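See structure below.
Naming convention: chains lettered A, B, ... in sequence-line order (proteins, then strands); numbering from 1 in each chain. Not measured: the values here are computed from a predicted model.
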Amino acid sequence: MGVRESDQERDRRAGPGWGPDRDLPPRSERSAFRVSGTRHRTGDPSRAPGQDLQHRRHDQEAWLGRRPVPGAAHHRRHARWLHPSRGLGAGRELPDRTPASPSRETGDVRGLRLNPEQRDAVEHGEGPLLVLAGAGSGKTRVLTARAARLIEQGLEPTRLLAVTFTNKAAGEMRERIEGLIGRSTRGLWIGTFHSVAARVLRIEAPNTSRTRAFTIYDEDDSIRTLRDVMESVGYDPRRWAPRALRGRISGAKNALMGPAEYESEAFDLLSEVVAKVYPAYQRELERRNAYDFDDLLFETVRLLETVDGVRDRYGARFAHVLVDEYQDTNHAQYRMVKALASKHGNLCVVGDDDQAVYGWRGADIRNILDFEADFHGAHVVRLERNYRSTGSILEVANAVISRNLARKPKRLHTERETGDPIEVVRCDDERAEAAWVSSRIAADRSARGLNEFAVLYRTNAQSRAFEEAFRRSGIPYRIVGGVPFYERREVKDVIAYLRLLVNPADDAAFLRAVGWPRRGVGAKSLERLGDLARAGAGAGEALEPLAAVAARARHEDGIPRAAARGLRRFAEGLADVRASLSGCGAREALEACVAAFGLATALAEEEDGADRLENVSELFAAAEVFERDDVEDPDDESTDLELFLQSVSLRSDLDEADFDGEAVTMITLHNAKGLEFPVVFLGGLEEGLFPLSRAMEAPGGLEEERRLFYVGVTRAMDRLSLTYADHRWRAGMASRSAPSSFIDELPEEHVLPQLAAPRRGRWRARDARGTARRPPGGGEPGSRSFSWQRGPDRVPGRAAGSGADGRSGPPGELEYDYEDSQVPLSLAPGVRVVHPRFGAGEVLQVYGFGKEARVEIAFEKVGRKKVVVAYAGLRPDC
DNA sequence: AACTAGGAGTTTTTT
DNA sequence: ACTCCTAGTT
Ligand SMILES: Nc1ncnc2c1ncn2[C@@H]1O[C@H](COP(=O)(O)OP(=O)(O)OP(=O)(O)O)[C@@H](O)[C@H]1O
């Protein structure tokens, strides 16, 4: 995962005399070494902390003269967080002030250049502190420097808690602090709210209803569980979408509303259902020894606020609490912070209300705006100088954000040169957009390293076109976030076995594992198994885990012979694996499961078996190098496997096989918050996509989208290009869209006159002839909300003329010919056609183009059907 | 029980 | 496009 690194890089350069860190090879190589260095530690918990440090130092020496073995770099956990823009981009800034002496000895972090306000914040003593400042003003630098300074002044790292909003930010902060103090930050609690909460819950397990080995349910697990629960409470999951229920419950938990509170506030039909299901769902999670994401926060707050002594214990344990991106905290997080810092009030939060982009998750900007009133006597620092971007970029950012009405005015200035104007590029479609970006990068490649480029976008789906373009032109890239590989079916399946090993009560894992590979156990048998569990429990008693019932499944219980055997063997297999494991290593456990249940064989036989196997072997690699240091604590006795699984659920680890070499970064705007890149391409600036129409449905949605745009703009250090496409494939259908309204908000003087990317392929609009055929209103009323929206204004004259082949088509039609397109499309919604078998009908919807094109047709006789144009033999009905 | 086709709902953003 | 679920088939 890419994260801002240049700061750290600069910080390193700041001190030519800074301990062993001087003369570092490029970042990536260092991480490569860390891989081998830290591998020793994995699975060797007996090693004393001191030894560990020595190891690290040893590695550091090795950096001086050696280059790493290529390929050794995979999966060192922090490596992934390194900022792509490390290196060149970062180096253009003058070195920071040189410290008087190597800081490792003196404990001086002031070699890091800080302006007076920043220094004020860094050196602020006890008591609450708020740094409220705009983008690129050095907030994170302050937070990091402050942490480093506290440690250098002798505070044990274990007594520091630093909380961030995303995993990337957490990893990055650790890196930065380590960079500053030149040694390991072992024992420092640093992580996301969720991971910190999970850790508290592990340590405090005796004070909770769960054991230390609890499972963390992700959204998918939650929904499945809810479905089960709904059924047992008597609601039909087809009538009430479990997904919607989950949303409500999640919202409630983040507002710290338990089932009882929720019930009293039920206000509509759905919430009445929720009120019934919520308590049952909580009981079920407890039975399964599981928490869902939101429980982590909820339970931690409950623990801190209501269980005697817990809050004081953590209050005493942490002398200081630091929170980054505070504007994105929701109520539960706020209460958690408050409880943790209540004893001493040493709470330092930094944030920017203009970058609040998680409202949809319950984040409340008031947390930061009211901080002063809330934490009495808080010291407030404001930073107004931006150190990141050129004048043009900053002006654009200022202009954009000033459009927001619900906002405290704030203006950033920079001393940097004006720089190049930003550019806005119009493209035909997403492929043209991606092609333009990639040709741009290819052209600049000689001048800049690929790590200096980033492509930002609103939705993950947009990465695909870029990916293809980069692949075509041989430009290495890395995708941050996206669909994580552990969300793939096969990976989840394999992980289910591990989960069951660790937490036998995890029915969701049981159901997954028992269903794959096939072992003669079907839905009926599983239902019977559930009956058995119910029969075995007395009234009010918790049901026995399904995995346990499975161990004694018998034909006499009404389970088919084969199924009963399958169940028993499954249970035995698990028991065997459990018995055979000598240690608690994740890799070891994985291997044992794969071997015992023939998982690899089963996978290999599947459709894209090779790919799936590949993914599973990546899982192996991830398990292999899993390190517990980030989650390690003297009070935390969890095993490696337990921690590994929890990390997986928290998405804090594992990644696709990304590598640390030179590569363009592709990342969503949300994920990019907090990062910086010399050259930024921000794609998809189209009305409906960005600002995203769905997001605008919520109150304040447009302003939040605009803040997100502001975040995007302010990621750029030197150059910024915005692109939009006239046509785009969205959700399986072609759409046209207008340029984003955000483009109109840009100050002209800083924008290069519009460019248009060269055309690729052929999107042709046909009009003129046949206009009469156009259906009134442009589409079928029943056919979703889609319409071609070909206003007369959009199709000047005969557009691109008739097709290359001279054929003309119906009106309002979009035609897209890529090189391989052989079937010029002459279909559009509303057109009447005749099918050789189904007869006459009217086109409702067109999916895809060329050979792949399919149309949905409402036939007069047989109703709606989807047919493949290339094979259907459709003729116009005239 | 296992497989398959068809359908329905999603495709914002993240922990 | 895509995944997941359901219903109907084998
Ligand atoms: N006093 C300073 N002197 C030189 N460079 C600085 C100074 N303060 C910050 N910077 C640089 O400015 C850039 C932005 O800093 P930082 O990331 O800490 O800002 P931020 O306020 O956290 O930004 P954002 O809100 O956008 O995440 C970094 O490259 C950092 O190294």
Whole-Å distance separating the CZ atom of Phe570(A) from the P atom of dA1(B): 16 Å
Rounded to whole Å, CZ of Arg458(A) lies from C1' of dT14(B) at a distance of 11 Å
With heavy atoms under 4.0 Å as the rule, sort Arg707(A) into base, sugar-phosphate or nothing. nothing
Spacing between His194(A) atom NE2 and dT15(B) atom C1', to the nearest angstrom: 4 Å
Does dT14(B) have OP1 or OP2 sitting under 4.0 Å from an N or O in the side chain of Thr668(A)? yes
Once you round it to whole Å, what is the distance between C1' of dT13(B) and CG of Leu456(A)? 13 Å
With distance as the sole test, does Asn404(A) use its side chain to make a donor-acceptor pair with the main-chain N or O of Ala406(A) at under 3.5 Å? no
Measuring to OP1 and OP2 of dC5(C), would you say a side-chain N or O of Arg227(A) lies under 4.0 angstrom away? yes
In this structure, how many angstroms lie between the P atom of dT13(B) and the CD1 atom of Ile667(A), rounded? 13 Å
Going by an N to O cut-off under 4.0 Å, is there a salt bridge joining Arg431(A) and Asp429(A)? no
dT14(B) C1' sits how many Å from Leu297(A) CG, rounded? 12 Å
Go through the side-chain N and O atoms of Gln462(A) and Thr459(A) and say whether any donor and acceptor fall under 3.5 Å apart. yes
Identify whether NZ of Lys or CZ of Arg in Arg489(A) sits under 6.0 Å from the centre of the six-membered ring of Trp516(A) and within 45° of that ring's axis. yes
Specify the residue among Leu526(A) and Leu708(A) whose closest nucleotide of DNA chain B lies further upstream toward the 5′ end. Leu526(A)
Considering every strand and a 4.0 Å limit on heavy-atom distances, what is the contact class for Arg243(A): base, sugar-phosphate, or nothing? sugar-phosphate
Measure the distance from CD on Glu704(A) to C1' on dT13(B) and round it to the nearest whole Å. 9 Å
So Val357(A), base contact, sugar-phosphate only, or nothing? Heavy-atom distance under 4.0 Å. nothing
Nearest to the Ser525(A) side chain among dT13(B), dT15(B), dA1(B), which nucleotide is it? dA1(B)
Output the single nucleotide from dA1(B), dT15(B), dC2(C) whose closest atom is nearest the side chain of Arg464(A). dC2(C)
Among residues 682-695 of chain A, which contact DNA chain B at a heavy-atom distance under 4.0 Å? Leu692(A), Arg694(A), Ala695(A)
Arg224(A) side chain: which of dC5(C), dT15(B), dA1(C) is closest? dC5(C)
Can you measure Glu697(A) atom CD to dT13(B) atom P for me and round it to whole angstrom units? 15 Å
For Phe193(A), is there any backbone N or O sitting under 3.5 Å from a side-chain donor or acceptor partner on Gln333(A)? no
Just call it for Phe193(A): base, sugar-phosphate, or nothing, with non-hydrogen atoms closer than 4.0 Å on any strand. nothing
To the nearest 0.5 Å, how far apart are OH in Tyr358(A) and CD in Gln327(A)? 10.0 Å
Expected output: side-chain Arg707(A) to main-chain Val357(A) donor-acceptor under 3.5 Å: no
Students often mix this up, so state it plainly: with edges at 30° and 60°, are the rings of Phe466(A) and Tyr457(A) parallel, tilted or perpendicular? parallel
P gap between dT13(B) and dC4(C), integer Å: 16 Å
Considering every strand and a 4.0 Å limit on heavy-atom distances, what is the contact class for Arg518(A): base, sugar-phosphate, or nothing? sugar-phosphate
For Gly520(A) and Glu705(A), find the nucleotide of DNA chain B closest to each by heavy atoms; which residue's nucleotide sits nearer the 5' end? Gly520(A)
Think Asn460(A) has a side-chain N or O under 4.0 angstrom from the OP1 or OP2 of dT11(B)? no
